[in-house]
Amino acid sequence: MSDSPHTLPVTVISGFLGSGKTTLLRRLLREAKGTRLGVIVNDLSELEVDGDLVRDPEGFNEQRGNFASIHTGSISGTQRGAFASVLDAWHGRDDLDHVIIETSGSTHPGPLIQEISARPEFKLDTFVTLIDAKAFMEDYGGGRLLSEATQPQAPLLSAQIRLANVILLTKTEKLIPQAIEWMAQHLTALNPSAALYSVNYGRITPQLILGTGSFDMDRAQHLAAGWQHDDVGDAASYDLGSTVITDPRPLHPRRLWTLFSKRLGAGIHRSKGFIWMPSRDRDVLLWNQAACSIEMELMAYWKAALVTNPDGKLVPEEIAMLRDMLQGTHPEFGDRACELTVIGTAHDRAIFVQDLKSCFCTDDEITAWQRGETFDDPWPKTLLRV
């Protein structure tokens, strides 16, 4: 519950690109029963993937007034004003017990601290930073090399770690126990006051990050005093940007596999979105790549697939309704389409985006799909399900 009728506690979920913030948030919203939550989701890209994953007609949405999605920039940079506007609109809410903010991977904590602390109606309760343990070990030696790193993103990651009062190590199943212990020692040296936990697939007791009251604002403001230069919070200063690819055509499964398994540049930190492939033309696939880790989740089924192959599970009235909903969609693909955002450095992103565009099926391959021909598909047959 809030500290007073006029003060809303805030938990910030921070961390670099692909560290597992949205996975944690989605699980947290399912498990934090009995707490009236307000949720703010931030995405660097103009493609609103994270917002779409959290938004729920029966739960969190703009119409209910408990959800806000801020995209096309970081809330510590170009979207800081939009973030401030949401906070101003939500102050004095007596229908909320707690606010959770999921930041973009490019968000610097300094401006967030300033915006929240400037408003007495809010109190920063917990600042959580997630770290992709495998990527952190490979890129920064588990923390040993962070201060010496030349990557422009290193100061951003350092700030996210140093300001947190809870640090969550994700994807630890990909490392041996000795590596995790080594990493914990270096993280403790960087931030001795933070609680450190290992978390897989977002599984955490909500009480560890909601209602802790453990955030030290005096310490945070002392740290933030060193982050006052103009480019703090601007994604471009960390050589981070996004490119959105939208195409109704399917992605060829073998070419997509080859691209991501053999030609993924070091500067491609993240790609995410919704895709389809001719070998799985019923499935709405959630594509989720972070560093060298790639996952696909089965989100739903395309309406165009359900209309033509309902498997006897839909009554005629439901099929007719789907046909009405498909009016005006693509004549060959219906509602099927690929929408992806690629986030990374400008140089690697430009090269990779061109390679990714070559993965879309050609006219001849689309004709082969329409004839029912099979496609070489090396992706796992069993997918994660949302």
Side-chain angles (χ1 to χ4, degrees), residues 22-23 25-34 36-37 39 41 47-69 201-202 245-253 256 272-288 295-341 360-361 363 365-386:
T22 305
T23 299
L25 176 60
R26 291 165 70 193
R27 184 174 290 274
L28 192 63
L29 296 182
R30 291 196 297 266
E31 297 183 357
K33 304 297 184 183
R36 300 175 301 174
L37 297 172
V39 179
V41 174
L47 185 60
E48 193 189 4
V49 177
D50 293 342
D52 285 342
L53 291 175
V54 175
R55 187 182 288 109
D56 178 3
E58 304 299 325
F60 296 91
N61 57 66
E62 289 86 350
Q63 289 70 33
R64 293 170 64 95
N66 59 1
F67 177 78
S69 176
Y201 301 104
I245 300 172
T246 302
D247 199 302
R249 296 175 297 168
L251 285 160
H252 191 286
L256 186 66
K272 55 186 176 179
F274 306 97
I275 68 170
W276 73 288
M277 298 187 293
S279 51
R280 309 173 190 226
D281 58 1
R282 287 173 58 93
D283 302 340
V284 180
L285 300 172
L286 171 63
W287 174 264
N288 191 349
E295 293 179 350
M296 279 198 293
E297 297 182 35
L298 176 60
M299 285 289 293
Y301 298 108
W302 298 108
K303 297 181 182 69
L306 293 176
V307 165
T308 58
N309 187 17
D311 292 339
K313 297 179 181 179
L314 299 179
V315 299
E317 291 79 8
E318 291 173 317
I319 295 175
M321 181 177 65
L322 288 175
R323 291 190 186 280
D324 288 340
M325 296 172 70
L326 287 168
Q327 292 293 323
T329 59
H330 195 279
E332 294 176 295
F333 310 129
D335 59 327
R336 300 181 184 95
C338 294
E339 291 184 304
L340 281 168
T341 183
F360 286 103
C361 288
D363 290 344
E365 289 166 340
I366 291 170
T367 300
W369 164 68
Q370 293 172 325
R371 289 198 299 260
E373 296 184 17
T374 59
F375 283 75
D376 180 14
D377 184 344
W379 296 96
K381 301 304 178 188
T382 302
L383 300 178
L384 296 170
R385 293 184 68 95
V386 177

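- Between L256 and I275 the shortest side-chain heavy-atom distance falls below 4.5 Å.
- Shown here for F67 and G51, the closest heavy-atom pair between the two residues is CZ-O, 3.7 Å.
- In this structure F375 satisfies the ring-ring contact (aromatic ring centres under 6.0 Å, His included) test together with H252, sequence neighbours excluded.
- Within the 4.5 Å cutoff, side-chain heavy atoms of L251 are placed close to those of L340.
- In this structure, the side chains of D324 and L322 stay at 4.5 Å or more apart for every pair of heavy atoms.
- In plain terms, the two heavy atoms of D283 and W302 that are nearest each other are O-NE1, 2.8 Å.
- Remark: D50 engages K272 in a salt bridge (Lys or Arg N to Asp or Glu O under 4.0 Å) (not counting sequence neighbours).
- With a 4.5 Å cut-off on side-chain heavy atoms, F274 and M299 count as touching.
- Of all heavy-atom pairs between T22 and V54, the closest is CG2-CG2, 4.4 Å.
- Remark: side-chain polar atoms of R27 are paired, donor with acceptor, to backbone N or O of Y201 under 3.5 angstrom.
- Across all their heavy atoms, R64 and G59 have their closest contact at NE-O, 2.7 Å.
- Residues R336 and A304 share a closest heavy-atom pair of NH1-CB, 3.8 Å.
- Side-chain atoms of D281 and W276 form no donor-acceptor pair, as typed in the model, at a separation below 3.5 Å.
- A pairwise comparison of heavy atoms in W379 and D377 identifies N-OD1, 2.9 Å as the closest pair.
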